Amino acid sequence: VLGLTAFSASAATEMPPLPEVKGEKVEADGNFKIKFSIGTTESGAQYRGLEYFEKIVEQRSDGNIQVELFPGAQLGDDRQATSALQSGTLEMTMPSTSPLVNMFPEFAVFDLPFLFPQPEMADAVLDGEIGQQMLEDASSQGLVAIGWGENGYRQLTNSQHPVEEPADLDGLKIRTMENDLHLDIWRTLGANPTPMSFAELFTALEQGVVDGQENPWITIESSKFNEVQDYATETNHVYTPFITLVSARFWDRLPEDYQQLLRDAATEMGDYQRHVSRTLNDQIKQDLKDSGMQITELTPEQVKVFQDKLEPVYEDWRDQIGGELIDDIRAQVEQAQE
Ligand code: TF8
């Protein structure tokens with residue numbers, strides 16, 4: 001009667017329906033509970049993926065494994081949730097790879113600017129041999145890594161003015177993830193970067209502690225950064241994967257059949273979550289425009305100015321990341337481009 005809906009700022013994002021769960025029920029002993037924490041909010045694509053994961057796991061285990069979802073970093077940011085897995089107080093999380101580079105140095109390869117021109121090239125690497133090897137390598141230090149998803153292509157936002165070229169970044173305070181390669185990127189471009197946990201970011205933007213940040217469109221919208229950032233530039237400068245992690249303490253208590261169930265569910269969630277993220281990307285960019293954000297779309301020539309300026313980053317990080325890994329990925333990307 002009061003027409004309250006007329007005051008709601010933006011329409012809720014229409015999510016694609018959850019697919020039906022296929023596959024046999026898995027019989028095994030025991031009842032288990034999984035608390036699954038993520039940094040993004042309930043309205044993002046990542047949460048939609050988790051809802052599918054929950055549905056698969058609960059149906060196939062016939063309710064013997066219960067999954068409870070905790071979005072919005074309420075149980076901690078990416079690093080805190082990961083260390084809660086290590087100590088066994090949390091069962092699952094799905095962080096960006098970037099804040100975990102201090103634990104798994106090879107993850108830094110994904111922080112290299114403009115590594116994947118198309119999302120399918122990221123799929124080829126993550127779902128191929130390199131990605132599988134990385135999951136094995138990351139199954140250590142109290143963690144078991146069982147799948148990939150996508151945070152996606154990162155876009156720059158700020159509160160000050162449109163950014164069309166690196167010179168526009170002069171002096172801008174940009175929040176980065178807690179990751180040295182990202183700091184290097186923004187310094188090289190002439191900005192004034194500061195690392196900060198995602199959980200503190202909205203307040204920092206709102207209070208002007210930083211002028212800008214960079215994240216995929218869907219994260220910008222689901223975290224309402226557009227309410228405190230008037231300008232955005234579609235830079236696509238880095239593609240960030242999400243990695244699905246399980247506490248090794250929890251994992252070791254699971255019957256093997258349930259371990260396999262979780263692996264399968266993580267793979268299916270990863271495929272679906274990437275699909276949702278890509279389906280929504282353009283629509284959400286449009287929603288952000290409609291909400292009043294001024295979005296600068298760069299021409300290929302303008303993108304090249306950023307790319308050229310960032311080329312030295314590849315040489316500077318080569319030894320630390322491993323030249324062979326970089327070459328392997330670049331070769332795969334080139335092959336996919338032909
Ligand atoms: C960041 C990341 C985050 C995600 C998620 C919230 O900017 O891109 O958006 O890792 O946990 O910190």
Side-chain angles (χ1 to χ4, degrees), residues 35-50 53 69-85 90 92-104 107-108 110-111 113 115-116 119 122 138 145 147-158 173-183 185-186 191 193-205 209-226 228-229 232 235-245 269-270 273-274 276-277 280-281 284 288:
K35 290 191 265 44
F36 196 153
S37 158
I38 49 168
T40 55
T41 71
E42 233 164 313
S43 52
Q46 190 180 23
Y47 187 77
R48 192 65 173 163
L50 262 60
F53 180 84
L69 307 179
F70 295 90
Q74 48 182 296
L75 299 186
D77 59 45
D78 286 349
R79 281 187 175 182
Q80 290 164 335
T82 303
S83 74
L85 260 51
L90 179 71
M92 289 186 71
T93 189
M94 197 178 177
S96 292
T97 46
S98 316
L100 303 190
V101 163
N102 56 337
M103 300 175 68
F104 305 112
F107 284 0
F110 300 121
D111 299 307
L115 182 67
F116 296 121
W148 297 106
E150 81 170 17
N151 190 347
Y153 284 106
R154 309 184 75 86
Q155 320 297 353
L156 176 70
T157 71
N158 85 92
K173 279 197 212 149
I174 306 293
R175 172 270 177 179
T176 70
M177 292 184 286
E178 294 155 296
N179 177 294
D180 289 340
L181 209 163
H182 279 255
L183 279 171
I185 288 176
W186 294 99
T194 309
M196 188 185 290
S197 122
F198 185 79
E200 295 166 52
L201 180 51
F202 185 90
T203 308
L205 292 169
V209 175
V210 289
D211 302 311
Q213 66 84 45
E214 37 83 65
N215 254 296
W217 294 130
I218 192 149
T219 302
I220 292 167
E221 182 181 64
S222 63
S223 296
K224 300 190 187 335
F225 293 155
N226 55 312
V228 287
Q229 301 274 276
T235 46
N236 290 316
H237 54 279
V238 169
Y239 175 93
T240 311
F242 279 136
I243 185 163
T244 305
L245 299 175
M269 152 170 76
Q273 187 264 334
R274 283 181 266 193
V276 175
S277 161
L280 294 178
N281 195 52
I284 286 176
L288 289 168

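Since this is a predicted model, take the numbers as computed values, not measurements. Counting starts at 1 for both ligands and their atoms, following the listed order. Residue numbers run from 1 in the order of the sequence given.
Residue Leu201 does not touch ligand 1, judged by heavy-atom distances below 4.0 Å. If you look at Thr40 next to ligand 1, the close heavy atoms, those under 4.0 Å, come from the backbone and the side chain alike. For Arg154, every heavy-atom contact with ligand 1 shorter than 4.0 Å involves the side chain, none the backbone.
When all heavy atoms are compared, the tightest approach of Ala81 to Leu90 is O-CD2, 3.7 Å.
Geometrically, ligand 1 and Glu214 share no nitrogen or oxygen pair separated by less than 3.5 Å. Considering backbone and side-chain atoms alike, Asn151 places an N or O below 3.5 Å from some N or O of ligand 1.
Summary of contacts: the protein heavy atom closest to atom 11 (O) of ligand 1 is Asp78 OD1, 2.6 Å. Protein heavy atom nearest atom 3 (C) of ligand 1, with residue, atom name and distance: Phe198 CD1, 3.7 Å. Protein heavy atom at the shortest distance from atom 9 (O) of ligand 1 is Asn215 OD1, 3.1 Å.
Which parts of ligand 1 touch Thr219 is read off a 4.0 Å heavy-atom cut-off, strictly below it: atoms 9 (O). Atoms of ligand 1 found under 4.0 Å from any heavy atom of Ser96 (numbered from 1 in listed order, with element): 2 (C), 4 (C), 8 (O), 10 (O).
A distance-only check finds a donor-acceptor pair linking the side chain of Gln155 to the backbone of Thr235 [under 3.5 Å]. Counting only distance, with no hydrogens or angles, the side chain of Thr41 and the backbone of Ser222 share a donor-acceptor pair below 3.5 Å. Asn179 places no side-chain N or O within 3.5 Å of a backbone atom of Pro99 that could act as its donor or acceptor partner.
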Handout entry: Intermediate values then yes/no, ring pair (Phe, Tyr, Trp, His ring centres under 6.0 Å), Phe104 and Phe110
Key = CA-CA 12 Å; Phe104 305 112; Phe110 300 121; over 10 Å; no
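For the side-chain contact (heavy atoms from CB on, under 4.5 Å) test with Asn151, the passing option among Thr240, Ile218, Ile243 is Thr240; the others fail.
Side chains of Arg79 and Ser197: a donor-acceptor N/O pair is absent below 3.5 angstrom, by distance only. Using a 3.5 Å distance cut-off with no hydrogens or angles, the side chains of Thr176 and Glu214 do not pair a donor with an acceptor.
Around atom 12 (O) of ligand 1, the closest heavy atom drawn from Met196, Glu178, Met94, Arg175 belongs to Arg175.
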